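Working notes for the structure below.
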Amino acid sequence: MNRCKKIAILVCACLTALNVVACGQVKGDKVVNTDESPTRQQDSSVQTIEDTDLEIKEDETANVDKSSVNQQESSMQIDENTNLETEEDKTISVEESNAQTSENIGTEMTTEEILDLFINGSISAISSEDSAFYITDLDMDSGEWDSYSIGERVDLDNDGENELIICGPYGGIYLDARNNKVYEFAVGEGDALVLSYVVYNGSTWIMYSNRMHTGYEAYHMEKFEGADNLVAEMNFHEELVDEDNVEGKEKYTLNGTEISYDEYFELCSKIFATEEITTK
């Protein structure tokens with residue numbers, strides 16, 4: 001009996017041992033699986049963080065690019081606005097300078113000083129059409145046929161004070177200073193009105209020449225005593241009797257009266273000997 005109990009106890013002990021081993025394996029597997037799961041979760045989290053960082057960096061790069069483009073556009077707009085404001089400021093500055101200069105001109109300023117103000121761009125000149133222009137409005141010293149340059153100062157109106165010659169196309173522009181302002185005194189206006197000046201019978205005369213057509217020459221001269229005081233005029237012409245025959249006879253006139261070739265030749269010799277060309 002005791003033997004049977006011992007066997008039964010041994011069998012129970014073996015079974016218990018087997019159960020314990022089996023439970024240990026199951027629990028071990030669970031532990032292993034539990035350990036592996038956090039590792040996988042960590043890897044997944046790391047990947048998620050990396051993906052998020054990449055997206056953030058891409059967004060930051062895109063935002064930086066957009067910001068750079070916006071800054072460039074803003075900078076271009078600012079430059080354009082600045083340039084426009086600069087040009088407007090320059091215009092306003094010239095106008096204010098001219099107004100201020102005009103206010104500061106006193107009776108003590110000489111003709112030469114007033115002409116200097118025009119040359120320096122401080123004041124404008126009034127044209128024969130009552131419009132104003134500055135020296136910067138003229139194409140100065142470019143070397144082109146229609147450019148202008150500063151010429152001599154000559155008493156062109158016989159008033160004892162010099163006028164300013166601006167050499168240029170068709171004889172340029174002659175400027176007179178009076179009443180503390182600069183005025184256009186004479187101007188060349190084309191091939192039929194080429195401007196120059198001559199000294200004739202002791203006085204300076206303004207002359208306009210027309211040599212546009214073969215066999216035809218016409219000259220008009222004006223003598224002033226003060227730029228607003230025209231005291232004498234003279235016209236002389238050379239033209240064909242038959243304008244269709246360039247080899248035909250010519251006639252000569254002085255102030256509308258026909259004169260001989262010798263008289264015309266003598267007159268022209270005196271005048272053209274002192275002519276000053278002011279086209280350049």
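What's counted below: heavy atoms across the whole structure, side chains too, no hydrogens, waters or symmetry copies. Please read all numbers here as calculations on a predicted model, not as lab measurements.
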So does [Y] get a backbone contact from the side chain of [X], meaning a donor-acceptor N/O pair under 3.5 Å?
| X | Y | value |
| --- | --- | --- |
| E238 | E217 | no |
| N235 | G256 | no |
| D155 | N162 | no |
| T278 | S196 | no |
| N229 | V231 | no |

Test item: [X] and [Y] side chains (from C-beta on) under 4.5 Å apart, heavy atoms:
| X | Y | value |
| --- | --- | --- |
| F265 | S260 | no |
| L195 | Y170 | no |
| N210 | Y216 | yes |
| I114 | V182 | yes |
| E222 | Y208 | yes |
| S124 | K181 | no |
| L254 | E263 | no |
| L267 | Y200 | yes |

Between [X] and [Y], is there shared hydrophobic-cluster membership here, with clusters defined by ILVMFWY side-chain heavy atoms closer than 4.5 Å?
| X | Y | answer |
| --- | --- | --- |
| V187 | Y148 | yes |
| L156 | L193 | yes |
| F133 | I123 | yes |
| Y183 | I173 | no |
| L138 | L115 | yes |

Which atoms form the tightest heavy-atom contact between [X] and [Y], and what is the distance?
| X | Y | answer |
| --- | --- | --- |
| T279 | G171 | CG2-N, 3.5 Å |
| M109 | L117 | CE-CD1, 3.7 Å |
| K223 | L230 | O-CD1, 3.3 Å |
| L240 | V246 | CD1-CA, 3.7 Å |
| P169 | W145 | CB-CZ3, 3.8 Å |
| Y219 | S209 | CD2-OG, 3.4 Å |

Can you tell me how far the [atom1] atom of [X] sits from the [atom2] atom of [Y], to the nearest 0.5 Å?
| X | Y | atom1 | atom2 | answer |
| --- | --- | --- | --- | --- |
| C167 | M140 | SG | CE | 9.0 Å |
| I271 | N201 | CD1 | CG | 8.5 Å |
| Y134 | N120 | OH | CG | 13.0 Å |
| T111 | L175 | OG1 | CG | 12.5 Å |
| H220 | W205 | NE2 | CH2 | 9.5 Å |
| M234 | M207 | CE | CE | 9.0 Å |

Please say which of D141, I135, I165 ends up in a side chain to side chain contact (heavy atoms under 4.5 Å, CB included) with I150.
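Of all the options given, the one that passes is I135.
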What do you reckon, are the aromatic ring centroids of Y252 and Y261 less than 6.0 Å apart?
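Here the rings of Y261 and Y252 have centres that are less than 6.0 Å from each other.
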Please determine whether the number of non-hydrogen atoms from other residues, nucleotides or ligands lying under 6.0 Å from atom [atom1] of [X] exceeds 12.
| X | atom1 | result |
| --- | --- | --- |
| E243 | CD | no |
| E112 | CD | yes |
| K280 | NZ | yes |
| E233 | CD | yes |

Should the ring pair Y197 and Y174 be called parallel, tilted or perpendicular, given that the plane angle runs from 0 to 90° and is split at 30 and 60?
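Perpendicular.
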Polar side chain donor-acceptor pair, E184 to S128, under 3.5 angstrom:
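A pair is found: one side chain offers a donor N or O, the other an acceptor, under 3.5 Å apart.
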